[in-house]
Amino acid sequence: MTLTSPHLGSSEAWTDARLLYALEEVVEKELNRHLKVAKDWMPHEYVPWSDAHNFPGLFEDGTAWEPQQSKVTDIGKIALVVNLLTEDNLPSYHHEIASLFGRDGAWGTWVHRWTAEEGRHGIVMRDYLLASRAVDPDKLEQFRMTHMAEGFTSDNRHSMLHSVAYVAFQELATRVSHRNTGHQSGDPVCDRMLARIATDENLHMVFYRNLLGAAFDIAPDLTMQSVRDVVVDFRMPGHGMPGFERAAAQMAIGEIYNMRIHHDDVIQPVLRYLKVLDIDGLGPDGLKAQEELGLYMAGLDTEASKFDEKLAARKARMAARAAG
């Protein structure tokens with residue numbers, strides 16, 4: 001990769017525009033790799049249409065929704081709604097990354113391709129939920145309207161590097177959440193659908209993770225500070241949806257997404273792959289960020305262990321009640 005001038009290695013010289021330009025070749029390379037390995041798939045092929053029947057409204061034969069109509073577990077229903085509402089805000093996500101990364105060149109091609117692939121996820125999840133009657137369709141639509149009407153503002157919109165760091169972790173977090181939801185859903189059809197979505201999310205994570213690695217090569221101090229900030233203040237993009245905190249707590253107990261999973265399956269794999277805590281040659285600001293990141297991860301591991309103990313105790317109490 002050729003930098004525009006030798007002084008650009010210093011943190012002060014890196015602007016978002018210069019970083020976008022310097023990383024353009026990497027984006028093109030990663031885009032081409034992604035297009036070679038990504039497989040197109042048809043959302044309608046993952047939906048159990050034969051299970052579907054009319055709802056009340058325009059149809060005289062419509063049947064009102066009832067909770068017992070679906071085989072999906074309670075925790076599966078909660079997680080499916082959270083995951084779908086997160087996917088629903090795609091127009092806002094597209095606006096955020098298009099504003100940061102631009103709509104031209106390799107960056108723009110990636111932004112539009114990513115948006116098109118993500119669009120499948122909301123389509124297939126909603127069709128599945130309605131066809132299988134897994135959740136109340138009226139409430140689902142009300143939640144969608146409320147969530148989308150509020151829009152989405154990224155915590156990291158102030159910085160291109162912060163945004164790249166965030167999506168590297170967030171795409172993996174989304175993959176893990178979808179995959180675990182499928183495992184806990186109680187429905188093999190749902191599990192297959194979410195496994196297909198999770199495959200997409202993993203490819204998106206690889207794109208951003210590799211881009212983050214390239215950023216470490218050209219601007220290590222700034223990238224380290226961005227990773228520290230993102231990891232310490234990480235929030236899932238669906239945090240503003242109706243009832244998110246309660247749903248997140250239930251998903252934590254249900255082992256779909258909690259502190260242990262966040263530490264072991266999301267943050268650590270990216271840090272380990274990029275050897276973030278082992279990078280040397282950093283300046284004072286980069287070293288400080290690296291040390292703070294290491295301390296934070298140790299603290300997160302400790303908190304996750306405390307959560308594990310509470311969860312184990314809860315399981316033991318429930319098992320005792322069931323046995324009694």
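None of these values were measured; they are calculated from a predicted model.
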Greater than 12 external heavy atoms within 6.0 Å of Arg272's CZ:
yes
Sort out for me which residue in Asp191, Asp265, Thr174, Asn202 forms a side chain to side chain donor-acceptor pair (under 3.5 Å) with Arg179.
Asp191
To the nearest 0.5 angstrom, please state how far the CG atom of Asp136 sits from the CZ atom of Arg133.
10.5 Å
Any chance the side chains of Ser132 and Asp187 put a donor and an acceptor closer than 3.5 Å?
no
Any side-chain heavy-atom pair from Met148 and Pro91 closer than 4.5 angstrom?
yes
Side-chain heavy atoms of Phe169 within contact of His262, under 4.5 Å
no
Partner of Leu212 under side-chain contact (heavy atoms from CB on, under 4.5 Å), picked from Val276, Leu23, Val164, Val167, is Val164
Any side-chain heavy atom of Glu201 within less than 4.5 Å of one from Glu118?
yes
Are any of the side-chain heavy atoms of His44 and Val124 separated by less than 4.5 Å?
no
What's the spacing between Leu295 CG and Leu300 CG if we round to 0.5 Å?
12.5 Å
Linked, directly or transitively: Leu203 and Leu211 (ILVMFWY side chains, under 4.5 Å):
no
Identify whether the distance between the nearest side-chain nitrogen and carboxylate oxygen of Asp40 and Arg113 falls below 4.0 Å.
yes
Among side-chain atoms of Asp88 and His147, is any donor-acceptor pair under 3.5 angstrom?
no
Between Lys288 and Glu292, does a salt bridge (charged side-chain N to carboxylate O under 4.0 Å, His left out) hold up when you go through it step by step?
CA-CA 6 Å; Lys288 181 174 182 290; Glu292 290 175 347; 2.7 Å; yes
Does a salt bridge link Glu171 with Arg175, judged by any charged N lying under 4.0 Å from a carboxylate O?
no
So do Asp127 and Tyr46 actually touch side chain to side chain, heavy atoms under 4.5 Å?
no
I'd like to know if the side chain of Gln184 and the backbone of Gly254 have a donor-acceptor N/O pair within less than 3.5 Å.
yes
A quick test of your reading: do over 12 heavy atoms of other residues, nucleotides or ligands sit less than 6.0 Å from CD of Glu28?
no
Please tell me whether Leu85 and Ile123 are part of a single hydrophobic cluster in this structure, the criterion being side-chain heavy atoms less than 4.5 Å apart.
no
Do Leu274 and Tyr296 sit in one hydrophobic cluster, given that two such residues count as connected whenever their side-chain heavy atoms are within less than 4.5 Å of each other, even indirectly?
yes
Return the orientation label for the Phe101 and Tyr208 ring planes: parallel under 30°, perpendicular over 60°, tilted otherwise.
tilted
Would you give the length of the straight line joining atom NE2 of His178 to atom OG of Ser185, rounded to the nearest 0.5 angstrom?
13.0 Å
Using modelled atom types and a 3.5 Å cut-off, is there a donor and acceptor pairing between side-chain atoms of Thr181 and backbone atoms of Leu80?
no
Any side-chain heavy-atom pair from Met251 and Ser177 closer than 4.5 angstrom?
yes
Got a second to check how far Leu161's CG is from Leu20's CG, nearest 0.5 Å?
9.0 Å
Return yes if some donor-acceptor pair links the side-chain N/O of Lys77 with the main-chain N/O of Ser70 below 3.5 Å, else return no.
no
Ser99 side, atom OG; His94 side, atom NE2 - distance, nearest 0.5 Å:
8.5 Å
So, are Glu45 and Arg196 salt-bridged, with charged N and O less than 4.0 Å apart?
no
According to a 4.5 Å side-chain heavy-atom criterion applied to Ile, Leu, Val, Met, Phe, Trp and Tyr, with indirect links allowed, do Met145 and Trp65 form part of one hydrophobic cluster?
no
Taking every heavy atom of Ala22 against every heavy atom of Ile218, the minimum-distance pair comes out as CB-CD1, 3.9 Å
Is it the case that atom NE2 in His95 sees more than 12 heavy atoms from other parts of the structure closer than 6.0 Å?
no
Check: Arg260 side chain, Phe307 main-chain N or O, donor-acceptor pair, under 3.5 Å
no
How close do Leu129 and Leu84 get, counting heavy atoms only, and between which atoms?
CD1-CD2, 3.6 Å
Just checking Tyr273: does its OH atom have more than 12 heavy atoms from other residues, nucleotides or ligands closer to it than 6.0 angstrom?
no
Quick one: are Tyr257 and Asn180 in side-chain contact, heavy atoms under 4.5 Å?
no
The test is side-chain contact (heavy atoms from CB on, under 4.5 Å); show your working for Phe143 and Val135 and say whether it passes.
CA-CA 12 Å; Phe143 285 161; Val135 299; over 6 Å; no
Is a donor on one side and an acceptor on the other found under 3.5 Å between the side chain of Asn54 and the backbone of Asp61?
no
Given 3.5 Å as the limit, does a donor-acceptor pair link the side chain of Glu24 with the main chain of Ala106, or not?
yes
Is any NZ, NE, NH1 or NH2 atom of the basic residue among Lys306 and Glu309 found under 4.0 Å from an Asp or Glu carboxylate oxygen of the other?
no
Nearest atoms (heavy-atom pairs only) where Ala165 meets Val230
CB-CG2, 4.0 Å
Over all heavy atoms of both residues, which pair between Pro237 and Thr86 is shortest? Give the atoms and the distance, please.
CG-CG2, 3.8 Å
Please answer whether the main-chain N or O of Ser92 pairs with a side-chain N or O of Glu96 as donor and acceptor at a distance below 3.5 Å.
no
Does the side chain of Arg228 come within less than 4.5 Å of Gln290's, by heavy atoms?
no
Here the gap from Ile197 atom CD1 to Arg120 atom CZ, rounded to the nearest 0.5 Å, amounts to 11.0 Å
side-chain contact (heavy atoms from CB on, under 4.5 Å) between Trp110 and His204: does it pass, once the steps are laid out?
CA-CA 10 Å; Trp110 166 254; His204 297 164; 3.9 Å; yes
Take atom CG of Asp104 as the centre, draw a 6.0 Å sphere, and report whether it contains more than 12 heavy atoms from other residues, nucleotides or ligands.
no
Answer yes if the ring centres of Phe207 and Trp114 are under 6.0 angstrom apart, and no otherwise.
no
Hphob cluster co-occupancy, Leu271 + Ile279, side-chain heavy atoms under 4.5 angstrom
yes
Exercise: identify the closest heavy-atom pair between Pro269 and Leu172
CB-CD2, 4.3 Å
Walk me through it: do Lys39 and Thr199 pass the test side-chain contact (heavy atoms from CB on, under 4.5 Å)?
CA-CA 10 Å; Lys39 296 180 180 179; Thr199 298; over 6 Å; no
Please report the closest heavy-atom contact between Thr223 and Ala215, naming both atoms and the distance.
OG1-O, 3.1 Å
Donor-acceptor pair, Asp301 side chain versus Met297 backbone, under 3.5 Å?
no
Under 3.5 Å donor-acceptor, Arg209 side chain and Val270 backbone
no
Under a plain distance cut-off of 3.5 Å, with no hydrogens placed, do Gln69 and His53 share a side-chain donor-acceptor pair?
no
